[in-house]
Amino acid sequence: MVEPVRVRFSPAPTGFLHVGGARTALFNWLFARHHGGAFILRIEDTDVARSREEWITGIQQTLLWLGLTWDEGPVLQSTRFDAYLAAAQRLLAEGHAYECYCTEEEVRERNEAARREGRTPGYDGRCRNLTVEERAALAAEGRPRTIRFRTPDEGVSRFVDVLRGEVAVDWATVHDFVIVRSDGTPLFFLANAVDDIDMDITHVIRGEDLIDSTHRVLAIRAALGHPEQPVYAHLPLIVGKDRAKLSKRHGAIALEDFRERGYLPEALLNYLALLGWAPPDGREIVSRDELIAMFELDDVNRSAAFFDYDKLDWMNGEYIRAMPLDRFEREIFEPALQRLRVAPELDAYHALAEAAQVRITTTKDLEDQLSFLVEEKNFVIPDDEWERVIATERAQELFDAAIRHLETCEWTHEGINLKSTVEGLGLKPRKVMPALYVAIEGRARALPLYESIQALGRDRSLARLRRARERLGAPSEAPPA
RNA sequence: GCCCCCAUCGUCUAGUGGCCCAGGACGCCGCCCUUUCAAGGCGGUAACGGGGAUUCGAACUCCCCUGGGGGCACCA
């Protein structure tokens with residue numbers, strides 16, 4: 001590429017950023033970084049009524065969390081209305097646009113009628129060729145006035161999409177559309193066209209849902225004296241379980257929520273990169289730098305992708321496991337303890353942290369696993385676990401032996417080892433150990449027992465075992481197996 | 001209704017006319033390891049939507065059908 005690459009991510013601040021938007025941002029960012037170009041953040045807040053300040057900051061925070069830093073911006077379109085309106089005046093003066101006095105309701109009603117009668121909806125061109133007198137009369141009625149772009153009556157609109165080849169449509173099927181609202185504010189098509197020109201955008205990478213609007217934006221560009229086209233790449237959509245496009249009100253989850261649920265930004269980034277793109281070498285775990293090095297726009301595929309949480313979970317686990325232990329302890333283990341209000345005695349918990357690292361998929365997961373460390377009065381054994389796992393034949397013997405062992409053993413991993421104690425009773429460890437897990441950790445699928453006992457300490461461990469032993473009662477009271 | 005886009009295992013994908021009776025990954029199933037659960041190792045299940053055409057030869061090219069999705073706002 002000879003010219004410097006300039007791409008933009010241009011969300012509307014009308015809601016949170018979800019995986020679809022994030023993937024679009026990521027591909028733009030990767031493309032810019034790969035080519036040493038500029039990644040620009042542009043906020044398309046031309047719809048003043050729906051745009052909110054908090055979404056603008058929210059989107060930025062999310063991008064930064066993912067590590068998608070921008071080189072220019074954020075440029076708020078709401079600060080550039082003058083430029084768009086000047087362009088509109090020029091289009092008006094040169095006959096590419098006209099003043100339209102149809103109200104929103106009228107247009108909507110006519111469209112609905114058209115749909116009902118099986119005709120194609122779309123602006124019917126009522127105000128297309130008004131005379132000066134007619135316009136004056138309508139204005140005198142106090143009717144609101146919009147500025148509407150006049151699309152060509154015939155011919156074909158075409159552009160080349162990197163992923164899909166030539167995309168062509170008959171102009172006859174593209175109806176005139178509003179570029180300035182009756183309140184005088186500009187709309188997406190106008191602002192988008194003007195900004196892409198003014199910002200020297202070279203490549204437009206966005207969702208496929210915008211593919212049809214491309215013809216309209218291109219028509220404005222041409223009318224404004226810029227017939228040259230940026231390179232377009234319309235990314236396949238990310239769909240939900242029902243294969244329908246994800247949106248704020250349809251199945252989409254805010255990226256913010258992924259953060260709260262304990263996903264690592266690098267894992268989410270990696271996963272997102274694999275939605276619609278695959279590295280030439282077929283690897284799944286690809287670092288940010290490798291992504292930048294390998295990413296090519298024409299390797300992106302064309303069909304919609306389903307967001308698979310199972311695979312994301314796996315990938316997040318991979319990233320957690322790949323962390324150096326000290327970093328895991330510092331950034332994930334310790335904060336989890338703090339959230340549980342457990343004093344982080346890291347020396348005592350070292351082995352536990354190591355054991356936990358390979359067992360969790362999210363950092364939120366870790367909290368559940370570590371919840372047994374809470375103070376004694378808050379520790380409870382769920383009734384169903386008690387019945388299923390602890391209240392079994394020979395449980396009394398088992399607990400008596402375990403208590404005896406832990407009362408005197410050396411307080412090391414090897415010393416705590418209960419295997420020979422259990423085997424000494426003629427019991428199979430695999431069969432009966434779960435009872436001890438539940439007594440100590442409150443659950444059968446839990447962090448390793450010896451590390452947990454060690455972390456809990458001798459007194460607290462014995463207290464839990466004795467409590468369970470007491471509840472079991474005398475041997476004769478044991479329920480028949 | 002009209003226009004546009006898409007079509008390989010359940011899911012994400014590789015594949016660009018012979019190397020494919022289709023490869024990898026997630027999931028799932030089984031076995032091993034094992035103090036539970038994981039992780040790890042080994043193995044397995046599973047797909048080119050249908051029909052034509054081109055060709056010596058099609059997952060790969062073309063056409064039709066079917067299916068799915070998107071768009072047709074004073075949203076973006």
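In this text, all values refer to a predicted model and were calculated from it rather than measured experimentally. Chain A is the first sequence line, chain B the second, and so forth, proteins listed ahead of strands; every chain is numbered from 1.
- If you check the side chains of A:Asp176 and A:Thr151, you find a donor sitting under 3.5 Å from an acceptor.
- Residues passing the salt bridge (charged side-chain N to carboxylate O under 4.0 Å, His left out) test with A:Arg52 are A:Glu54, sequence neighbours excluded.
- A:Arg216 places its CZ atom 12 Å from the P atom of B:A76, with the value rounded to the nearest Å.
- The salt bridge (charged side-chain N to carboxylate O under 4.0 Å, His left out) test applied to A:Asp383 returns A:Arg471, not counting sequence neighbours.
- Taking atom CD on A:Glu284 and atom P on B:G23, their separation rounds to 16 Å, with Å as the unit.
- Annotation: A:Trp277 is in aromatic contact with A:Phe295 [ring centroid separation under 6.0 Å].
- The nearest pair of heavy atoms linking A:Asp195 to A:Ile201 is O-CG1, 4.5 Å.
- Per the stacking criterion (ring centres < 5.5 Å, plane angle < 30°), A:Trp314 does not stack onto the base of B:C26.
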List, one per line, each side-chain donor-acceptor pair under 3.5 Å for residues 415-424 of chain A, sequence neighbours excluded.
unit_1	atom_1	unit_2	atom_2	d
A:Asn417	OD1	A:Lys419	N	2.8
A:Asn417	OD1	A:Tyr450	OH	3.4
A:Thr421	OG1	A:His405	ND1	3.4

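- The stretch residues 294-307 of chain A touches RNA chain B through A:Asn301, A:Arg302, A:Ser303, A:Ala304, A:Ala305, A:Phe306, each having a heavy atom within less than 4.0 Å of the strand.
- Residues passing the salt bridge (charged side-chain N to carboxylate O under 4.0 Å, His left out) test with A:Glu106 are A:Arg143, sequence neighbours excluded.
- For the 3.5 Å distance criterion, the side chains of A:His175 and A:Thr120 fail to qualify, holding no donor opposite an acceptor.
- For the contact set between residues 52-60 of chain A and RNA chain B, defined by any heavy atom under 4.0 Å, there are no members.
- If you check residues 174-186 of chain A against RNA chain B, the residues with a heavy atom closer than 4.0 Å are A:Val178, A:Arg181, A:Ser182, listed by number.
- Phosphate contact (OP1/OP2 of B:C2, side-chain N/O of A:Arg119, threshold under 4.0 Å): absent.
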- Scoring nucleotides 41-46 of chain B by protein non-hydrogen atoms under 4.0 Å (B base, S sugar-phosphate only, - none) yields ------
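- The stretch residues 233-247 of chain A participates, sequence neighbours left out, in these salt bridge (Lys or Arg N to Asp or Glu O under 4.0 Å) pairs: A:Asp209-A:Lys245.
- Counting only residues at least two apart or on different chains, the salt bridge (Lys or Arg N to Asp or Glu O under 4.0 Å) pairs with a member in residues 151-174 of chain A are A:Arg128-A:Asp153, A:Arg158-A:Glu166, A:Arg164-A:Glu208.
- Summarising the geometry, the separation between NE2 on A:His234 and C1' on B:G71 is reported as 11 Å, rounded to the nearest angstrom.
- Of the residues near RNA chain B, A:Arg23 and A:Asp212, the one whose nearest nucleotide (by heavy atom distance) lies more toward the 5' end is A:Arg23.
- Put simply, the side chain of A:Gln357 gets close to the backbone of A:Ile320: a donor and an acceptor are under 3.5 Å apart.
- The distance from the CZ atom of A:Arg460 to the CG atom of A:Leu373 is 7.0 Å, given to the nearest 0.5 Å.
- For B:A73, neither phosphate oxygen OP1 nor OP2 lies less than 4.0 angstrom from any side-chain nitrogen or oxygen of A:Arg108.
- The shortest distance between the side-chain N/O atoms of A:Arg283 and the OP1/OP2 oxygens of B:A25 is not below 4.0 Å.
- The residues A:Glu290 and A:Arg283 are annotated as salt-bridged, a charged nitrogen and a carboxylate oxygen being separated by less than 4.0 angstrom.
- Residues satisfying the salt bridge (charged side-chain N to carboxylate O under 4.0 Å, His left out) test with A:Glu296, not counting sequence neighbours, are none.
- The distance from atom CZ of A:Arg158 to atom P of B:C4 is 12 Å, rounded to the nearest whole Å.
- A side-chain N or O of A:Glu451 and one of A:His413 form a donor-acceptor pair less than 3.5 Å apart.
- Proximity of A:Asn111 to the phosphate of B:C72: no side-chain N or O atom is located under 4.0 Å from OP1 or OP2.
- Looking at residues 415-422 of chain A, you'll see A:Lys419 sit with a heavy atom under 4.0 Å from some atom of RNA chain B.
- If you check the side chains of A:Arg458 and A:Thr408, you find no donor sitting under 3.5 Å from an acceptor.
- Between the C1' atom of B:A38 and the CG atom of A:Leu366 lies a distance of 13 Å, rounded to the nearest Å.
- Side-chain contact of A:Asp45 with A:Ser78: a donor-acceptor pair under 3.5 Å is present, judged by distance alone.
- Under 4.0 angstrom from either OP1 or OP2 of B:C75 there lies no side-chain N or O belonging to A:Thr46.
- Sequence order on RNA chain B of the closest nucleotides to A:Gly122 and A:Asp47 puts A:Gly122 first from the 5' end.
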